[in-house]
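Below: the structure, in C-alpha cells.
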Protein chains: 2
Amino acid sequence: MTDERRGDVASVDSVLVALADPTRRQLLDLLAAQGEATATTLAEQLPVTRQAVVKHLAVLDAAGLVSGGRVGREVRYAVRPAALDATARWMAGLAADWDRRLANIKRIAEAAERDTP
Amino acid sequence: MTDERRGDVASVDSVLVALADPTRRQLLDLLAAQGEATATTLAEQLPVTRQAVVKHLAVLDAAGLVSGGRVGREVRYAVRPAALDATARWMAGLAADWDRRLANIKRIAEAAERDTP
DNA sequence: TGGATGTGCAACCCCAGAATTGCACGTCCA
DNA sequence: TGGACGTGCAATTCTGGGGTTGCACATCCA
C-alpha cells in the first residue's frame, strides 16, 4: 500500500500493471472463488512460494484490487471490485474516444475527396 | 504481429501487458490525437529512440491496439478501438462477477449468524 | 544519378521485478 | 510452557523487456 487512504480507488496505471501479471490474475481468480484466503493457503494452490504470493498481494493491495485484514495470527485477503470497475470504465471511455476521433477523421477525408475528385 | 489474422481481437492478456507500459499508453494517445503517424514522427515527440518506438508499436500491433500500413517508403500507424473495447467489456464482466460473489458470501454469512446469535 | 529521408535488422547494455532461501517474531492450543 | 503454525523481513539470484547504437536497405525527388 502507498500513502493513500485505505478504500481509495488507486490510479489506472497501478491497476493495469497489477493485472499485467498472469500469476496475479490467478490470485484474483482464486480469491474471487473462495471469498477469503491467506497467503499461505493461496501459495498451496500455485506453483510459487508463499513469499512470492505475499509480494503479489502487496502489489494488488496497492492497486486497490484486494484488501487484507488480520484475524488472529493470519491475514485474510479478499477481492475489491471498485478499482477494477473504475479501470473498466476508463478503458471503455478511451475506446469511445478513439471511435469518435476515427469517425471524425474519416469525415474530413471524405470531404477533402469531394473537393478534389 | 503474431500468426493470427489481421483484424482479430487479440487475447486479453496481450492487451493488458501492452497497456501496462506508460510509453505505450503515450504512443496510443499520440496516435489517437493525430489519426495517423509514423514511428519516426512519434519518436520526435517522445524522449526515446525511433527503434524503441518501433518495438512498442510491434507490441501494440500484436495486441490488436494499432495497425500499420505502408505508404510509399513510410509505415503509417493508426489506433484500433476494437481490442480495447473488448478488454473493457472483459474487465467490467469480471468486476460484476466479483460483486455477485461478494454479495453471495455476505448473504451466507448473515444466514449463519442468524443460526448462531 | 545521387543525396536525403525512412525502415529494418542485429547485437548489446542495463535494471526492475519475479522468485527463492533462510531466519526471526508473533500467535494459538494441548 | 513448549511446539506447531502463520507471518514479516532481508539478502540474493536471474530472466525479460525497455532502451540504445550502428549499419544495411529501400524509396523519394531535384
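Reminder, nothing fancy here: chain letters follow the sequence lines and each chain counts from 1.
- In this entry the distance linking CD of A/Glu74 with C1' of C/dG26 reads 13 Å, nearest Å.
- When each of A/Val71 and A/Val59 is assigned the nucleotide of DNA chain C bearing its nearest heavy atom, the one mapping closer to the 5' terminus is A/Val59.
- Atom-to-atom, CZ of B/Arg50 to P of D/dC23 comes out at 14 Å; the value is rounded to the nearest Å.
- Rounded to an integer number of Å, the gap from CG of B/Asp61 to P of C/dG8 is 11 Å.
- Among the nucleotides D/dG8, D/dT20, C/dA18, the one closest to the side chain of B/Val48 is D/dT20.
- Not one N or O on the side chain of B/Thr49 forms a donor-acceptor pair closer than 3.5 Å with the backbone of B/Ala52.
- Proximity of a side-chain donor or acceptor of B/Arg76 to a complementary backbone N or O of B/Glu36 within less than 3.5 Å is not detected.
- Here A/His56 does not reach the OP1 or OP2 of C/dG17: none of its side-chain N or O atoms lies under 4.0 Å away.
- A heavy atom lying under 4.0 Å from DNA chain D marks the following residues of residues 31-43 of chain A, by number: A/Thr38, A/Thr40.
- Under the 4.5 Å side-chain heavy-atom criterion for grouping Ile, Leu, Val, Met, Phe, Trp and Tyr, A/Val59 is not connected to A/Val75 through any hydrophobic cluster.
- What separates NZ of A/Lys55 from C1' of C/dT20 is a distance of 8 Å, to the nearest Å.
- Residues A/Leu30 and A/Val54 are members of separate hydrophobic clusters, defined by side-chain heavy-atom contacts under 4.5 angstrom among Ile, Leu, Val, Met, Phe, Trp and Tyr.
- At whole-Å resolution of the value, OH in B/Tyr77 and C1' in C/dG6 are 12 Å apart.
- Taking 4.0 angstrom as the limit, B/Arg24 places a side-chain polar atom (N or O) nearer than this to OP1 or OP2 of D/dG18.
- A/Arg76 comes within contact range of no nucleotide atom at all, as no heavy-atom separation falls under 4.0 Å.
- In terms of position on DNA chain C, the residue among A/Ala52 and A/Arg70 whose nearest nucleotide sits closer to the 5' end is A/Ala52.
- The phosphate of D/dA4 (OP1 or OP2) has no side-chain N or O of A/Arg73 nearer than 4.0 angstrom.
- Applying the 4.0 Å criterion to OP1 and OP2 of C/dA19, one finds that A/Thr23 has a side-chain N or O inside that range.
- Other residues, nucleotides and ligands contribute only 12 or fewer heavy atoms inside 6.0 Å of the CZ atom of A/Arg89.
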Is there a side chain to side chain contact (heavy atoms under 4.5 Å, CB included) between A/Leu84 and A/Leu19? Walk through the geometry before answering.
CA-CA 9 Å; A/Leu84 189 62; A/Leu19 290 178; 3.7 Å; yes
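- Spacing between atom CD of B/Gln51 and atom P of D/dG22 amounts to 13 Å, rounded to whole angstrom units.
- A donor-acceptor contact shorter than 3.5 Å is absent between the side chain of A/Arg50 and the backbone of A/Ala43.
- For B/Leu60 and D/dG17, the CG to P distance is 14 Å, given to the nearest whole Å.
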For DNA chain C, produce a single dot-bracket line, 5' to 3'. Pairs: Watson-Crick or G-U wobble, both distances under 3.5 Å. Symbols: ( ) within strand, [ ] crossing, | other strand, . unpaired.
||||||||||||||||||||||||||||||
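- Taking a cutoff of 4.0 Å between a charged side-chain nitrogen and a carboxylate oxygen, B/Asp29 and B/Arg25 do not qualify as a salt bridge.
- Whole-Å rounding puts the B/Leu46 CG to D/dG19 P distance at 10 Å.
- At least one side-chain heavy atom of A/Trp90 sits less than 4.5 Å from a side-chain heavy atom of A/Leu16.
- Between the CG atom of A/Leu27 and the CG atom of A/Asp21 there is a distance of 8.5 Å, given to the nearest 0.5 Å.
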